[in-house]
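Accompanying notes for the structure given below.
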Protein chains: 2
Amino acid sequence: MAKKHEMIYRDLVRKITHQLYQSGTFLPSENELAALYGASRETVRKALGSLLENGFIHKIKGKGSLVLGLDKYAFPISGLTSYRELDSLFDMHTDTQVLQLAQTTVPQTLFHLEADEELPATYIQRLRIVNGEPLVIDNDYVLTNVVPHISKGVAQDSLYRYFEETLNLEIGYGSKEFTVVPATEGQRQILKLPPNSSVVSVKGITHLQDNTLLQFTESIHRADKFKFIEHARRKML
Amino acid sequence: MAKKHEMIYRDLVRKITHQLYQSGTFLPSENELAALYGASRETVRKALGSLLENGFIHKIKGKGSLVLGLDKYAFPISGLTSYRELDSLFDMHTDTQVLQLAQTTVPQTLFHLEADEELPATYIQRLRIVNGEPLVIDNDYVLTNVVPHISKGVAQDSLYRYFEETLNLEIGYGSKEFTVVPATEGQRQILKLPPNSSVVSVKGITHLQDNTLLQFTESIHRADKFKFIEHARRKML
DNA sequence: GAGTGGTCTAGACCACATG
DNA sequence: ATGTGGTCTAGACCACTCG
(Lines give C-alpha, C1' and ligand atoms only; values in the text may rest on other atoms or scores of the structure.)
Protein backbone atom coordinates (compact mmCIF):
# COMPACT_ATOMS: atom_id res chain seq x y z
CA MET A 1 0.00 0.00 0.00
CA ALA A 2 2.87 2.37 -0.65
CA LYS A 3 1.69 4.94 -3.14
CA LYS A 4 4.58 6.51 -4.96
CA HIS A 5 3.47 10.10 -4.69
CA GLU A 6 2.89 9.65 -0.96
CA MET A 7 6.37 8.24 -0.50
CA ILE A 8 7.79 11.24 -2.31
CA TYR A 9 5.58 13.59 -0.29
CA ARG A 10 6.69 12.08 2.99
CA ASP A 11 10.33 12.11 2.00
CA LEU A 12 10.13 15.75 1.01
CA VAL A 13 8.32 16.69 4.23
CA ARG A 14 11.03 14.95 6.19
CA LYS A 15 13.78 16.72 4.29
CA ILE A 16 12.07 20.08 4.77
CA THR A 17 11.37 19.66 8.46
CA HIS A 18 14.92 18.41 8.99
CA GLN A 19 16.12 21.40 7.01
CA LEU A 20 17.89 19.40 4.36
CA TYR A 21 15.87 21.70 2.16
CA GLN A 22 15.92 25.04 3.95
CA SER A 23 13.13 27.57 3.94
CA GLY A 24 13.76 30.35 1.48
CA THR A 25 15.51 28.03 -0.96
CA PHE A 26 14.07 26.19 -3.93
CA LEU A 27 13.47 22.47 -4.17
CA PRO A 28 15.12 20.60 -7.03
CA SER A 29 13.11 21.07 -10.23
CA GLU A 30 10.27 18.73 -11.06
CA ASN A 31 12.38 17.01 -13.69
CA GLU A 32 15.22 16.52 -11.24
CA LEU A 33 12.86 15.15 -8.60
CA ALA A 34 11.34 12.81 -11.16
CA ALA A 35 14.80 11.48 -11.96
CA LEU A 36 15.73 11.32 -8.27
CA TYR A 37 12.70 9.26 -7.30
CA GLY A 38 12.46 7.29 -10.51
CA ALA A 39 8.97 8.63 -11.12
CA SER A 40 7.21 10.51 -13.86
CA ARG A 41 6.87 14.23 -13.61
CA GLU A 42 3.11 14.06 -13.06
CA THR A 43 3.65 11.82 -10.07
CA VAL A 44 6.18 14.23 -8.62
CA ARG A 45 3.68 17.00 -9.23
CA LYS A 46 1.07 15.11 -7.20
CA ALA A 47 3.49 15.04 -4.26
CA LEU A 48 4.27 18.72 -4.70
CA GLY A 49 0.53 19.38 -4.75
CA SER A 50 0.27 17.89 -1.27
CA LEU A 51 3.17 20.00 -0.05
CA LEU A 52 1.37 23.03 -1.47
CA GLU A 53 -1.89 22.13 0.22
CA ASN A 54 -0.19 21.80 3.56
CA GLY A 55 1.70 25.03 3.31
CA PHE A 56 5.20 23.60 2.98
CA ILE A 57 6.02 25.19 -0.35
CA HIS A 58 4.91 27.91 -2.70
CA LYS A 59 5.36 27.42 -6.41
CA ILE A 60 6.51 30.20 -8.68
CA LYS A 61 6.13 29.71 -12.40
CA GLY A 62 9.41 29.81 -14.24
CA LYS A 63 11.41 29.70 -11.03
CA GLY A 64 10.66 26.72 -8.88
CA SER A 65 9.17 25.42 -5.64
CA LEU A 66 10.03 27.69 -2.75
CA VAL A 67 10.32 26.08 0.67
CA LEU A 68 8.20 27.92 3.24
CA GLY A 69 8.00 25.89 6.45
CA LEU A 70 10.08 27.91 8.80
CA ASP A 71 9.62 31.27 7.17
CA LYS A 72 9.97 33.97 9.76
CA TYR A 73 6.59 35.44 8.95
CA ALA A 74 4.71 32.17 8.89
CA PHE A 75 2.32 31.27 11.64
CA PRO A 76 3.32 28.21 13.60
CA ILE A 77 1.31 25.30 12.22
CA SER A 78 -1.21 24.67 9.50
CA GLY A 79 -4.50 22.88 9.33
CA LEU A 80 -5.11 21.80 12.87
CA THR A 81 -8.38 22.04 14.68
CA SER A 82 -7.76 22.91 18.28
CA TYR A 83 -6.22 20.78 20.95
CA ARG A 84 -8.03 17.63 20.06
CA GLU A 85 -5.79 17.15 17.07
CA LEU A 86 -2.84 18.98 18.54
CA ASP A 87 -2.58 16.28 21.15
CA SER A 88 -1.73 13.65 18.62
CA LEU A 89 1.20 15.67 17.34
CA PHE A 90 2.77 16.93 20.53
CA ASP A 91 3.13 15.45 23.95
CA MET A 92 0.77 17.39 26.12
CA HIS A 93 -0.09 15.22 29.11
CA THR A 94 -3.64 14.83 27.95
CA ASP A 95 -6.21 13.10 30.09
CA THR A 96 -9.65 11.99 29.05
CA GLN A 97 -12.54 11.62 31.47
CA VAL A 98 -15.68 9.85 30.33
CA LEU A 99 -18.52 11.84 31.88
CA GLN A 100 -21.49 10.14 30.28
CA LEU A 101 -22.23 7.12 28.12
CA ALA A 102 -25.81 6.32 27.25
CA GLN A 103 -28.29 5.34 24.56
CA THR A 104 -30.32 8.23 23.19
CA THR A 105 -31.27 9.82 19.91
CA VAL A 106 -29.43 12.61 18.15
CA PRO A 107 -30.79 15.94 19.40
CA GLN A 108 -32.73 17.42 16.52
CA THR A 109 -32.33 21.13 17.08
CA LEU A 110 -28.62 21.01 17.77
CA PHE A 111 -27.81 19.62 14.34
CA HIS A 112 -30.62 21.12 12.30
CA LEU A 113 -32.41 17.85 11.75
CA GLU A 114 -35.97 17.58 10.54
CA ALA A 115 -38.41 17.45 13.41
CA ASP A 116 -39.67 13.94 12.84
CA GLU A 117 -36.33 12.20 12.59
CA GLU A 118 -35.31 9.79 15.28
CA LEU A 119 -31.73 8.66 14.98
CA PRO A 120 -30.83 6.19 17.75
CA ALA A 121 -27.27 6.75 18.89
CA THR A 122 -24.78 6.17 21.64
CA TYR A 123 -24.14 9.42 23.46
CA ILE A 124 -20.65 9.91 24.83
CA GLN A 125 -19.60 12.94 26.79
CA ARG A 126 -15.90 13.28 27.48
CA LEU A 127 -13.76 15.89 29.15
CA ARG A 128 -10.30 16.57 27.75
CA ILE A 129 -7.81 17.72 30.32
CA VAL A 130 -4.53 19.17 29.10
CA ASN A 131 -1.75 19.87 31.56
CA GLY A 132 -4.23 19.67 34.40
CA GLU A 133 -6.67 22.14 32.87
CA PRO A 134 -10.11 21.07 31.63
CA LEU A 135 -10.15 22.44 28.10
CA VAL A 136 -12.63 20.65 25.90
CA ILE A 137 -15.95 18.84 26.28
CA ASP A 138 -16.61 16.38 23.46
CA ASN A 139 -20.21 15.37 22.91
CA ASP A 140 -20.41 12.51 20.44
CA TYR A 141 -23.50 10.84 19.04
CA VAL A 142 -22.52 7.64 17.26
CA LEU A 143 -25.32 6.11 15.24
CA THR A 144 -26.46 2.78 16.65
CA ASN A 145 -27.20 1.21 13.27
CA VAL A 146 -23.55 1.60 12.34
CA VAL A 147 -21.89 0.98 15.70
CA PRO A 148 -24.22 -1.03 17.97
CA HIS A 149 -22.24 -0.83 21.14
CA ILE A 150 -19.45 1.25 22.62
CA SER A 151 -17.79 0.27 25.85
CA LYS A 152 -16.47 2.64 28.44
CA GLY A 153 -12.95 1.40 27.73
CA VAL A 154 -13.26 2.36 24.07
CA ALA A 155 -14.62 5.79 24.98
CA GLN A 156 -11.72 6.25 27.35
CA ASP A 157 -9.24 5.37 24.62
CA SER A 158 -10.14 6.56 21.14
CA LEU A 159 -13.33 6.24 19.15
CA TYR A 160 -11.52 6.58 15.86
CA ARG A 161 -9.06 3.86 16.66
CA TYR A 162 -12.00 1.61 17.56
CA PHE A 163 -13.86 2.47 14.37
CA GLU A 164 -10.92 2.00 12.08
CA GLU A 165 -8.84 -0.72 13.66
CA THR A 166 -11.40 -2.92 15.39
CA LEU A 167 -14.52 -2.42 13.29
CA ASN A 168 -12.68 -1.76 10.03
CA LEU A 169 -14.84 1.23 9.26
CA GLU A 170 -13.29 3.72 6.91
CA ILE A 171 -13.82 7.39 7.67
CA GLY A 172 -14.70 9.31 4.53
CA TYR A 173 -15.45 12.96 4.96
CA GLY A 174 -17.19 15.45 7.14
CA SER A 175 -17.99 19.06 7.72
CA LYS A 176 -17.40 21.27 10.69
CA GLU A 177 -19.00 24.49 11.82
CA PHE A 178 -17.31 26.87 14.25
CA THR A 179 -19.31 29.32 16.30
CA VAL A 180 -18.86 31.23 19.53
CA VAL A 181 -21.68 30.86 22.04
CA PRO A 182 -22.28 31.63 25.71
CA ALA A 183 -21.40 28.73 27.97
CA THR A 184 -24.28 26.86 29.52
CA GLU A 185 -24.40 26.42 33.27
CA GLY A 186 -23.32 22.79 32.97
CA GLN A 187 -20.42 23.63 30.67
CA ARG A 188 -19.30 26.38 33.03
CA GLN A 189 -19.12 23.94 35.90
CA ILE A 190 -17.28 21.26 33.99
CA LEU A 191 -14.75 23.66 32.47
CA LYS A 192 -14.56 25.73 35.66
CA LEU A 193 -15.36 28.96 33.86
CA PRO A 194 -16.44 32.26 35.41
CA PRO A 195 -19.99 33.55 34.78
CA ASN A 196 -20.76 35.02 31.36
CA SER A 197 -18.02 33.05 29.68
CA SER A 198 -18.03 32.18 26.01
CA VAL A 199 -17.07 28.88 24.50
CA VAL A 200 -16.28 27.81 20.95
CA SER A 201 -18.69 25.23 19.64
CA VAL A 202 -17.42 22.99 16.86
CA LYS A 203 -20.26 20.98 15.39
CA GLY A 204 -19.34 18.21 13.04
CA ILE A 205 -20.89 15.46 10.98
CA THR A 206 -18.84 12.47 9.92
CA HIS A 207 -19.53 10.07 7.06
CA LEU A 208 -17.89 6.79 6.14
CA GLN A 209 -16.19 6.19 2.80
CA ASP A 210 -19.36 4.53 1.54
CA ASN A 211 -21.34 7.62 2.51
CA THR A 212 -23.01 6.08 5.55
CA LEU A 213 -23.75 8.65 8.23
CA LEU A 214 -21.62 7.73 11.24
CA GLN A 215 -21.50 10.40 13.86
CA PHE A 216 -22.57 13.82 15.07
CA THR A 217 -20.22 15.73 17.34
CA GLU A 218 -20.29 18.93 19.29
CA SER A 219 -17.01 19.94 20.86
CA ILE A 220 -17.10 22.72 23.43
CA HIS A 221 -13.77 24.51 23.74
CA ARG A 222 -12.67 27.06 26.28
CA ALA A 223 -12.69 30.17 24.12
CA ASP A 224 -9.51 31.63 25.56
CA LYS A 225 -7.54 28.53 24.64
CA PHE A 226 -8.95 27.94 21.20
CA LYS A 227 -6.89 28.52 18.11
CA PHE A 228 -7.42 27.52 14.51
CA ILE A 229 -4.86 28.04 11.80
CA GLU A 230 -5.38 27.78 8.10
CA HIS A 231 -3.11 28.00 5.11
CA ALA A 232 -4.81 29.23 2.00
CA ARG A 233 -3.75 29.55 -1.59
CA ARG A 234 -5.35 31.99 -3.95
CA LYS A 235 -8.00 30.01 -5.74
CA MET A 236 -8.19 30.85 -9.40
CA LEU A 237 -11.55 29.27 -9.98
CA MET B 1 -7.04 32.03 -20.29
CA ALA B 2 -9.64 29.26 -20.26
CA LYS B 3 -8.10 26.24 -18.64
CA LYS B 4 -9.91 23.11 -19.64
CA HIS B 5 -10.21 21.56 -16.20
CA GLU B 6 -11.56 24.83 -14.83
CA MET B 7 -14.19 25.00 -17.55
CA ILE B 8 -15.24 21.48 -16.69
CA TYR B 9 -15.22 22.30 -12.98
CA ARG B 10 -17.38 25.36 -13.46
CA ASP B 11 -19.79 23.53 -15.73
CA LEU B 12 -20.18 20.73 -13.21
CA VAL B 13 -20.67 23.18 -10.32
CA ARG B 14 -23.36 24.90 -12.32
CA LYS B 15 -25.09 21.64 -13.13
CA ILE B 16 -24.94 20.54 -9.50
CA THR B 17 -26.20 23.80 -8.05
CA HIS B 18 -28.94 23.90 -10.67
CA GLN B 19 -29.74 20.31 -9.75
CA LEU B 20 -29.19 18.93 -13.21
CA TYR B 21 -27.10 16.50 -11.23
CA GLN B 22 -29.04 15.95 -8.04
CA SER B 23 -27.52 15.28 -4.65
CA GLY B 24 -27.56 11.62 -3.78
CA THR B 25 -27.01 10.58 -7.39
CA PHE B 26 -23.75 9.80 -9.17
CA LEU B 27 -22.08 11.92 -11.77
CA PRO B 28 -21.36 10.36 -15.16
CA SER B 29 -18.22 8.23 -14.97
CA GLU B 30 -14.83 9.75 -15.59
CA ASN B 31 -14.64 8.14 -19.00
CA GLU B 32 -18.06 9.47 -19.94
CA LEU B 33 -17.16 12.95 -18.74
CA ALA B 34 -13.92 12.79 -20.70
CA ALA B 35 -15.88 11.97 -23.83
CA LEU B 36 -18.51 14.60 -23.03
CA TYR B 37 -16.00 17.39 -22.66
CA GLY B 38 -13.54 16.14 -25.26
CA ALA B 39 -10.82 15.93 -22.64
CA SER B 40 -8.53 13.27 -21.33
CA ARG B 41 -9.46 11.40 -18.22
CA GLU B 42 -6.68 13.01 -16.16
CA THR B 43 -8.03 16.43 -17.03
CA VAL B 44 -11.51 15.42 -15.95
CA ARG B 45 -9.98 14.08 -12.76
CA LYS B 46 -8.43 17.46 -12.07
CA ALA B 47 -11.87 19.04 -12.27
CA LEU B 48 -13.34 16.36 -10.03
CA GLY B 49 -10.52 17.02 -7.59
CA SER B 50 -11.69 20.61 -7.28
CA LEU B 51 -15.26 19.47 -6.72
CA LEU B 52 -13.97 17.17 -4.01
CA GLU B 53 -11.97 19.92 -2.36
CA ASN B 54 -14.98 22.18 -2.23
CA GLY B 55 -17.32 19.58 -0.84
CA PHE B 56 -19.52 19.14 -3.89
CA ILE B 57 -18.89 15.44 -4.36
CA HIS B 58 -17.58 12.38 -2.60
CA LYS B 59 -15.82 9.71 -4.61
CA ILE B 60 -16.35 6.03 -3.95
CA LYS B 61 -13.97 3.59 -5.56
CA GLY B 62 -15.67 1.17 -7.88
CA LYS B 63 -18.92 3.12 -7.80
CA GLY B 64 -18.58 6.70 -8.86
CA SER B 65 -18.70 10.34 -7.84
CA LEU B 66 -21.57 10.99 -5.46
CA VAL B 67 -23.12 14.45 -5.55
CA LEU B 68 -23.33 15.99 -2.06
CA GLY B 69 -24.20 19.66 -2.27
CA LEU B 70 -27.73 19.68 -0.99
CA ASP B 71 -27.55 16.59 1.18
CA LYS B 72 -30.00 16.93 4.00
CA TYR B 73 -27.31 16.44 6.62
CA ALA B 74 -24.80 18.80 5.09
CA PHE B 75 -24.10 22.13 6.65
CA PRO B 76 -25.04 25.06 4.47
CA ILE B 77 -21.87 26.28 2.80
CA SER B 78 -18.24 25.29 2.65
CA GLY B 79 -15.00 27.13 2.93
CA LEU B 80 -16.07 30.60 3.76
CA THR B 81 -14.49 32.81 6.35
CA SER B 82 -17.19 34.85 7.97
CA TYR B 83 -19.10 37.73 6.55
CA ARG B 84 -16.23 39.32 4.76
CA GLU B 85 -16.29 36.66 2.10
CA LEU B 86 -19.98 35.92 2.47
CA ASP B 87 -20.71 39.40 1.23
CA SER B 88 -19.25 38.72 -2.15
CA LEU B 89 -21.51 35.73 -2.66
CA PHE B 90 -24.81 36.97 -1.38
CA ASP B 91 -26.47 40.33 -1.43
CA MET B 92 -26.37 41.53 2.11
CA HIS B 93 -26.65 45.31 2.04
CA THR B 94 -23.08 45.69 3.19
CA ASP B 95 -21.66 49.09 4.01
CA THR B 96 -18.04 49.94 4.58
CA GLN B 97 -16.89 52.87 6.70
CA VAL B 98 -13.26 53.91 6.57
CA LEU B 99 -12.39 54.81 10.17
CA GLN B 100 -8.68 55.42 9.81
CA LEU B 101 -6.09 55.72 7.07
CA ALA B 102 -2.52 56.58 8.03
CA GLN B 103 1.16 55.81 7.55
CA THR B 104 2.65 53.72 10.35
CA THR B 105 4.68 50.58 10.82
CA VAL B 106 3.32 47.10 11.36
CA PRO B 107 2.78 46.54 15.11
CA GLN B 108 5.42 44.06 16.16
CA THR B 109 3.73 42.25 19.02
CA LEU B 110 0.43 41.74 17.24
CA PHE B 111 1.99 39.68 14.47
CA HIS B 112 4.87 38.08 16.35
CA LEU B 113 7.55 40.06 14.57
CA GLU B 114 11.10 40.35 15.76
CA ALA B 115 11.59 43.33 18.00
CA ASP B 116 13.92 45.29 15.75
CA GLU B 117 11.88 45.12 12.58
CA GLU B 118 10.35 48.25 11.20
CA LEU B 119 7.97 47.61 8.35
CA PRO B 120 6.50 50.85 7.01
CA ALA B 121 2.89 50.37 6.03
CA THR B 122 -0.37 52.06 5.28
CA TYR B 123 -2.79 51.41 8.12
CA ILE B 124 -6.43 51.14 7.19
CA GLN B 125 -9.20 50.60 9.67
CA ARG B 126 -12.60 49.83 8.26
CA LEU B 127 -15.95 48.99 9.76
CA ARG B 128 -18.17 46.50 7.95
CA ILE B 129 -21.84 47.09 8.47
CA VAL B 130 -24.25 44.36 7.41
CA ASN B 131 -27.96 45.01 7.39
CA GLY B 132 -27.43 48.04 9.59
CA GLU B 133 -25.40 46.18 12.20
CA PRO B 134 -21.69 46.85 12.73
CA LEU B 135 -20.18 43.38 12.49
CA VAL B 136 -16.52 43.46 11.60
CA ILE B 137 -13.55 45.77 12.08
CA ASP B 138 -10.83 45.20 9.52
CA ASN B 139 -7.36 46.44 10.42
CA ASP B 140 -5.07 46.22 7.41
CA TYR B 141 -1.39 47.03 7.24
CA VAL B 142 -0.31 47.21 3.59
CA LEU B 143 3.45 47.37 3.15
CA THR B 144 4.58 50.68 1.70
CA ASN B 145 7.40 49.21 -0.35
CA VAL B 146 4.85 47.19 -2.32
CA VAL B 147 1.95 49.63 -2.41
CA PRO B 148 3.22 53.20 -1.91
CA HIS B 149 -0.11 54.92 -1.62
CA ILE B 150 -3.72 54.05 -0.93
CA SER B 151 -6.46 56.60 -1.34
CA LYS B 152 -9.57 56.81 0.75
CA GLY B 153 -11.64 55.93 -2.29
CA VAL B 154 -9.76 52.69 -2.75
CA ALA B 155 -10.13 51.82 0.92
CA GLN B 156 -13.83 52.52 0.65
CA ASP B 157 -14.13 50.21 -2.34
CA SER B 158 -11.93 47.13 -2.23
CA LEU B 159 -8.24 46.74 -1.56
CA TYR B 160 -8.08 43.49 -3.49
CA ARG B 161 -9.66 44.94 -6.55
CA TYR B 162 -7.12 47.77 -6.42
CA PHE B 163 -4.21 45.40 -5.96
CA GLU B 164 -5.23 43.04 -8.71
CA GLU B 165 -6.95 45.20 -11.31
CA THR B 166 -5.16 48.52 -11.00
CA LEU B 167 -1.71 47.56 -9.77
CA ASN B 168 -1.65 44.15 -11.44
CA LEU B 169 -0.37 42.49 -8.29
CA GLU B 170 -1.09 38.79 -8.05
CA ILE B 171 -2.13 37.45 -4.68
CA GLY B 172 -0.31 34.23 -3.92
CA TYR B 173 -1.01 32.67 -0.57
CA GLY B 174 -1.51 33.43 3.07
CA SER B 175 -2.24 32.05 6.46
CA LYS B 176 -4.92 32.88 8.95
CA GLU B 177 -5.18 32.36 12.67
CA PHE B 178 -8.50 32.37 14.51
CA THR B 179 -8.70 33.12 18.20
CA VAL B 180 -11.30 34.38 20.64
CA VAL B 181 -10.25 37.34 22.74
CA PRO B 182 -11.92 39.88 25.04
CA ALA B 183 -12.96 43.01 23.17
CA THR B 184 -10.91 46.13 23.83
CA GLU B 185 -12.66 49.27 24.93
CA GLY B 186 -12.32 50.80 21.47
CA GLN B 187 -13.67 47.71 19.74
CA ARG B 188 -16.61 47.62 22.13
CA GLN B 189 -17.55 51.14 21.23
CA ILE B 190 -17.23 50.67 17.50
CA LEU B 191 -19.16 47.40 17.46
CA LYS B 192 -21.61 48.59 20.13
CA LEU B 193 -20.96 45.61 22.36
CA PRO B 194 -21.88 45.24 26.03
CA PRO B 195 -19.09 45.07 28.65
CA ASN B 196 -17.10 41.85 28.93
CA SER B 197 -17.82 40.86 25.35
CA SER B 198 -15.63 38.56 23.33
CA VAL B 199 -14.64 39.00 19.73
CA VAL B 200 -13.11 36.66 17.19
CA SER B 201 -9.73 37.84 15.99
CA VAL B 202 -8.64 36.62 12.58
CA LYS B 203 -5.01 37.49 11.97
CA GLY B 204 -3.69 36.99 8.49
CA ILE B 205 -0.57 37.46 6.43
CA THR B 206 -0.80 37.75 2.68
CA HIS B 207 1.98 37.15 0.14
CA LEU B 208 2.10 37.82 -3.57
CA GLN B 209 2.69 35.12 -6.16
CA ASP B 210 6.36 36.05 -6.26
CA ASN B 211 6.54 35.59 -2.48
CA THR B 212 6.71 39.29 -1.65
CA LEU B 213 5.14 40.10 1.68
CA LEU B 214 2.11 42.29 0.97
CA GLN B 215 -0.14 42.72 3.94
CA PHE B 216 -0.91 42.02 7.57
CA THR B 217 -4.52 41.96 8.66
CA GLU B 218 -6.43 41.64 11.85
CA SER B 219 -10.18 41.30 11.50
CA ILE B 220 -12.26 41.71 14.63
CA HIS B 221 -15.61 39.95 14.37
CA ARG B 222 -18.58 40.11 16.69
CA ALA B 223 -18.33 36.69 18.30
CA ASP B 224 -22.06 36.04 18.28
CA LYS B 225 -22.25 36.52 14.54
CA PHE B 226 -19.15 34.64 13.56
CA LYS B 227 -19.34 31.34 11.78
CA PHE B 228 -16.74 29.31 9.95
CA ILE B 229 -17.52 26.19 8.02
CA GLU B 230 -15.07 23.67 6.72
CA HIS B 231 -15.36 20.59 4.59
CA ALA B 232 -12.74 17.97 5.27
CA ARG B 233 -11.78 14.75 3.62
CA ARG B 234 -9.98 12.02 5.44
CA LYS B 235 -6.35 12.53 4.63
CA MET B 236 -4.51 9.32 3.96
CA LEU B 237 -1.04 10.78 4.25
C1' DG C 1 17.84 30.05 -25.41
C1' DA C 2 17.65 27.10 -21.53
C1' DG C 3 15.21 25.95 -17.53
C1' DT C 4 11.15 26.20 -14.88
C1' DG C 5 6.35 25.11 -13.62
C1' DG C 6 1.24 24.66 -15.86
C1' DT C 7 -1.56 22.07 -18.74
C1' DC C 8 -3.02 18.20 -21.44
C1' DT C 9 -2.94 13.74 -23.67
C1' DA C 10 -3.53 8.58 -24.65
C1' DG C 11 -2.53 4.94 -22.93
C1' DA C 12 -1.64 1.32 -19.12
C1' DC C 13 -2.39 -1.57 -14.90
C1' DC C 14 -4.57 -1.98 -10.47
C1' DA C 15 -8.29 -2.52 -6.69
C1' DC C 16 -12.86 -2.32 -5.89
C1' DA C 17 -18.07 -2.91 -6.67
C1' DT C 18 -21.84 -5.13 -8.97
C1' DG C 19 -24.40 -8.31 -11.32
C1' DA D 1 -16.86 -10.03 -16.71
C1' DT D 2 -17.59 -5.27 -16.90
C1' DG D 3 -17.34 -0.73 -15.22
C1' DT D 4 -15.69 2.27 -11.79
C1' DG D 5 -12.19 5.26 -9.64
C1' DG D 6 -6.78 5.28 -8.18
C1' DT D 7 -2.29 5.40 -9.80
C1' DC D 8 1.40 6.00 -13.01
C1' DT D 9 3.82 6.80 -17.32
C1' DA D 10 6.27 9.23 -21.31
C1' DG D 11 5.66 12.45 -23.94
C1' DA D 12 3.99 17.12 -25.71
C1' DC D 13 3.23 22.20 -25.90
C1' DC D 14 2.80 26.53 -23.44
C1' DA D 15 4.03 30.77 -20.46
C1' DC D 16 7.14 32.40 -17.58
C1' DT D 17 12.00 33.81 -15.65
C1' DC D 18 16.61 34.83 -16.25
C1' DG D 19 20.97 35.41 -18.09
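Each chain gets a letter, A, B and so on, in the order the sequences are listed, and its residues count up from 1.
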### Query
Do side-chain atoms of B:K203 reach the backbone of B:L110 as a donor and acceptor pair under 3.5 angstrom?
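Confirmed, B:K203 side chain pairs with B:L110 backbone.
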
Round to a whole Å and report the spacing from [atom1] of [X] to [atom2] of [N].
X: A:N168; N: C:dC16; atom1: CG; atom2: P; value: 13 Å
X: A:F26; N: C:dG3; atom1: CZ; atom2: C1'; value: 13 Å
X: B:E170; N: D:dT17; atom1: CD; atom2: C1'; value: 14 Å

### Message
Walk along nucleotides 3-8 of chain D from 5' to 3' and tag each nucleotide B, S or - by protein heavy-atom contact under 4.0 Å, base first, then sugar-phosphate.
### Response
BBBBBB

### From A:Q156 atom CD to A:T96 atom OG1, the distance as rounded to the nearest 0.5 Å
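If I round to the nearest 0.5 Å, the distance is 6.0 Å.
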
### Task
Please assess B:L167 against B:V146 for the test side chain to side chain contact (heavy atoms under 4.5 Å, CB included), listing each intermediate value before the final yes or no.
CA-CA 10 Å; B:L167 301 181; B:V146 183; over 6 Å; no

### Task
With sequence neighbours left out, write down each residue that passes side chain to side chain contact (heavy atoms under 4.5 Å, CB included) with A:L36, or none if nothing qualifies.
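If we apply the side chain to side chain contact (heavy atoms under 4.5 Å, CB included) test to A:L36, skipping adjacent residues, the hits are A:L33.
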
### Query
Minimum heavy-atom separation for B:A155 to B:L159, with atom names?
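Scanning both residues, the minimum pair turns out to be CA-CD2, 4.5 Å.
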
